[in-house]
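What follows is one structure encoded as structure tokens, with my remarks underneath.
Per chain, numbering begins at 1; letters A, B, ... match sequence-line order.
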There are 4 protein chains.
Amino acid sequence: MTKPAQTNTVAGKELLSFIERVERLNEEKKSLGDDVKDVLGEAKGKGFDVKIIRKVISLRGQDRVKRQEEQEMLDLYMQSIGMMG
Amino acid sequence: MTKPAQTNTVAGKELLSFIERVERLNEEKKSLGDDVKDVLGEAKGKGFDVKIIRKVISLRGQDRVKRQEEQEMLDLYMQSIGMMG
Amino acid sequence: MTKPAQTNTVAGKELLSFIERVERLNEEKKSLGDDVKDVLGEAKGKGFDVKIIRKVISLRGQDRVKRQEEQEMLDLYMQSIGMMG
Amino acid sequence: MTKPAQTNTVAGKELLSFIERVERLNEEKKSLGDDVKDVLGEAKGKGFDVKIIRKVISLRGQDRVKRQEEQEMLDLYMQSIGMMG
DNA sequence: TCAGATAAAATCGCGC
DNA sequence: GCGCGATTTTATCTGA
């Protein structure tokens, strides 16, 4: 950016504000990603197998999702036989 | 898994701790992802085109040189198959 | 699931049949997706840039008018936040 | 395309060939997607709840994936303690 | 450092 | 027309 941004219009300023908010959130996300890397690096330093840890985390996540979806399934059934709303 | 997880050993406890730290970070990331969605939803509510905003953000994040190079390669490919007269 | 699926009823059998037909179709779709990957892999082996090829395919599939409109809106947004001098 | 494609170069012809192969595969995929819609429409016509059918299919898919991943997990453990290659 | 694999994001399209 | 689910694309990460 060699020139000052010409956000002279109201809409331009508002748009830029939205964009910058999103960019800020994205940076925080990236930072958290780096934190994850650090933690896994630390685990590796203690002799743990990072690949296995990732797999465990993934499987635990699947369990959670599956439990949620089974509940949704039940709700769906109940809706469909007129037990809800 | 018929047995409770073996968090009784020292290594087991340490491993679980690493796993939970990562999971916590992942949740925060997910939460930020939801925040992004909220912001974009708000922008949409004000009449902005979310798809375009995303594209702008993406372009702002890319290196200008790299962007140009990719565009040139794209043009080259399109010329080579007769897409550009 | 402690009980076997109730495919003993007529409706249950019919339902299962629908489900399996859809699953079969989904597998075929997946298989075609793998074929696409193979072709692109082959192209890559010949020195082509897969990412660019994907983009070309995408552009060929888009309506020219719609494409222009989106580009214009993008320019408009970028101007309004001062990205285009 | 008002002009004949100028795929005069060897590379251009090869590139176009790859592109057309992918496009053909994509069409087949799309066609299968339509078939899925037809099957679900038929199920709906017989009084079944399409949303539930989709959910069942999704859960069955998750089961399959989870089973596979648990196996991979075992393999990983065994590798990590030196039981495999 | 790069290819291949894996996971995350963005886009697309249906159904309500 | 909007949210949700599915698919596709992008980015990250690991291993050679």
Atom pair distance, as rounded to whole Å: CD in Gln79(A) and C1' in dC4(F)
14 Å
Expressed in angstrom and rounded to an integer, what is the separation of Leu59(D) atom CG from dA6(F) atom P?
10 Å
Between P on dT7(F) and CG on Leu25(C), what's the gap in Å once rounded to a whole number?
12 Å
How many angstroms lie between CG in Leu15(A) and OG in Ser80(C), if you round to the nearest 0.5 Å?
4.5 Å
In terms of side-chain geometry, is the basic nitrogen of Lys30(D) or Glu27(D) positioned less than 4.0 Å from the acidic oxygen of its partner?
no
Which whole-number value in Å describes the distance from Ile53(C) CD1 to dT10(F) P?
13 Å
Any chance you could list the contact pattern along nucleotides 4-16 of chain E? Use B for base contacts, S for sugar-phosphate-only contacts and - for none, protein heavy atoms under 4.0 Å, 5' to 3'.
-----SSSS-S-S
Check: Gln79(D)/Asp75(D) side-chain N/O donor and acceptor closer than 3.5 Å:
no
Any Lys/Arg nitrogen of Asp35(C) or Arg21(D) sitting under 4.0 Å from an Asp/Glu carboxylate oxygen of the other?
no
Does Glu70(A) come within less than 4.0 Å of Arg67(A), counting only side-chain N to carboxylate O?
no
Answer yes or no: is there a side-chain heavy-atom contact under 4.5 Å between Glu72(C) and Gln68(C)?
yes
